[in-house]
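What you see below is based on every heavy atom in this structure, not just the backbone, and it leaves out hydrogens, waters and symmetry mates.
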Amino acid sequence: MKDAVIGIIGGTGGMGRWFAKLLRKEGYQVHVSGRKTRFDIADLVGRCNVIVVAVPIAATAKVIRQVGPLMADGSLLMDLTSLKKEPVELMLSCSKADVIGCHPLFGPLLADIAGQNVVLCAARGSKWLPWLRGVLRKSGLVVMDKTPEEHDQMMAIVQVLNHLNTISLGLVLAQTGIELAEINKLSTPIFQTKVEIIKKVFNENPGLYTDIIAQNPATLNMLDRYEKALADIRALLKSGDGTKLKETMEQAARKLF
Ligand SMILES: NC(=O)c1ccc[n+]([C@@H]2O[C@H](COP(=O)([O-])OP(=O)(O)OC[C@H]3O[C@@H](n4cnc5c(N)ncnc54)[C@H](OP(=O)(O)O)[C@@H]3O)[C@@H](O)[C@H]2O)c1
């Protein structure tokens, strides 16, 4: 697929720019569009046989509906969205192109991507799959093949539960009304690490994290589990001196590790 010419919608943003750089490094011609660029979506389709959708989650469906019908048989329509079920279904229904869902499981600012995971959801056609897999593997990424459903279920844990935990910690910290600088005077290494994570989630791209949480169908289930875990901790502490909580943690550790 050395004749691949790639157009990235959202190529002026974080992940789009990251993917453009990776592909250009491999010698591919890459065109990008944003909302204010010289090229628009139709220009990209006219010039490229691979189109990548890398816009914010909330804009993804609209962009796929726009670009899908313009694409020719035999070309590739793919995305980098953090959720896979809805974008992949839409790419299939709105186009005749080959379709691959792709989710790099890291952010655009990570300096060394070697050994990081990327999920592929092969949805239509097999022509482009070895090419994409090859490009990603050559950059040192570990490629995992999943269905969109499998991906989204796992993201309910890896992203939704994880970020809910970070957001609740950040909100409680803010509610205490104590200056972080004061808290930091007595901080521990674990606390410092957690504050850095809270800072990244609250400051860097809060819209991305809230979209990841709001759009995953398993979010309410995760919230129920999270609330139950907190209620269980309260009950375990109420009925003893901490021994019951310690035993529950030991049981969980045996399951987990
Ligand atoms: N950031 C991450 O850590 C990460 C990791 C993995 C996957 N992803 C996924 O990658 C995708 C992009 O996320 P990102 O963090 O790279 O976002 P981003 O930095 O905000 O970039 C978004 C890009 O989309 C364009 N855009 C914004 N709104 C648009 C609209 N309504 N119509 C068309 N284009 C629009 C922006 O162009 P202009 O602003 O120039 O107009 C920009 O090029 C998302 O689906 C996200 O789930 C993100």
Does [X] have more than 12 heavy atoms from other residues, nucleotides or ligands lying within 6.0 Å of its [atom1]?
X      : atom1 : answer
Arg137 : CZ    : yes
Gln116 : CD    : yes
Leu110 : CG    : yes
Gln192 : CD    : yes

Who pairs with [X] by side chain to side chain contact (heavy atoms under 4.5 Å, CB included), at least two apart in sequence or on another chain?
X      : result
Phe39  : His31, Asp43, Leu44, Arg47
Ser239 : Lys244
Leu186 : none

Lys228: salt bridge (Lys or Arg N to Asp or Glu O under 4.0 Å) partners, not counting sequence neighbours: Asp232
Result block: side-chain N/O donor-acceptor pairs under 3.5 angstrom for residues 96-106, not counting sequence neighbours:
from   : atom 1 : to     : atom 2 : distance (Å)
His103 : ND1    : His151 : NE2    : 2.7

So that I can tick it off, tell me whether Glu250 and Arg254 are bridged by a salt bridge, with the cut-off set at under 4.0 angstrom between side-chain N and carboxylate O.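 Salt bridge: no.
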Yes or no on side chain to side chain donor-acceptor pair (under 3.5 Å) for Ser168 and Tyr226, after CA distance, side-chain angles and deciding distance? CA-CA 11 Å; Ser168 42; Tyr226 195 62; 3.1 Å; yes
Taking distance alone, no hydrogens or angles, what donor-acceptor pairs closer than 3.5 Å link side-chain atoms of residues 125-135 to residues at least two apart or in another chain?
from   : atom 1 : to     : atom 2 : distance (Å)
Lys127 : NZ     : Gly74  : O      : 2.8
Trp128 : NE1    : Gly74  : O      : 3.0
Trp131 : NE1    : Tyr28  : OH     : 2.8
Arg133 : NH1    : Asp145 : OD1    : 3.0
Arg133 : NH1    : Asp145 : OD2    : 2.7

Determine yes or no for a side-chain-to-main-chain donor-acceptor pair under 3.5 angstrom, with Thr210 supplying the side chain and Gly207 the backbone. yes
Taking C-beta and beyond as the side chain, do Ile157 and Met222 meet within less than 4.5 Å on heavy atoms? yes
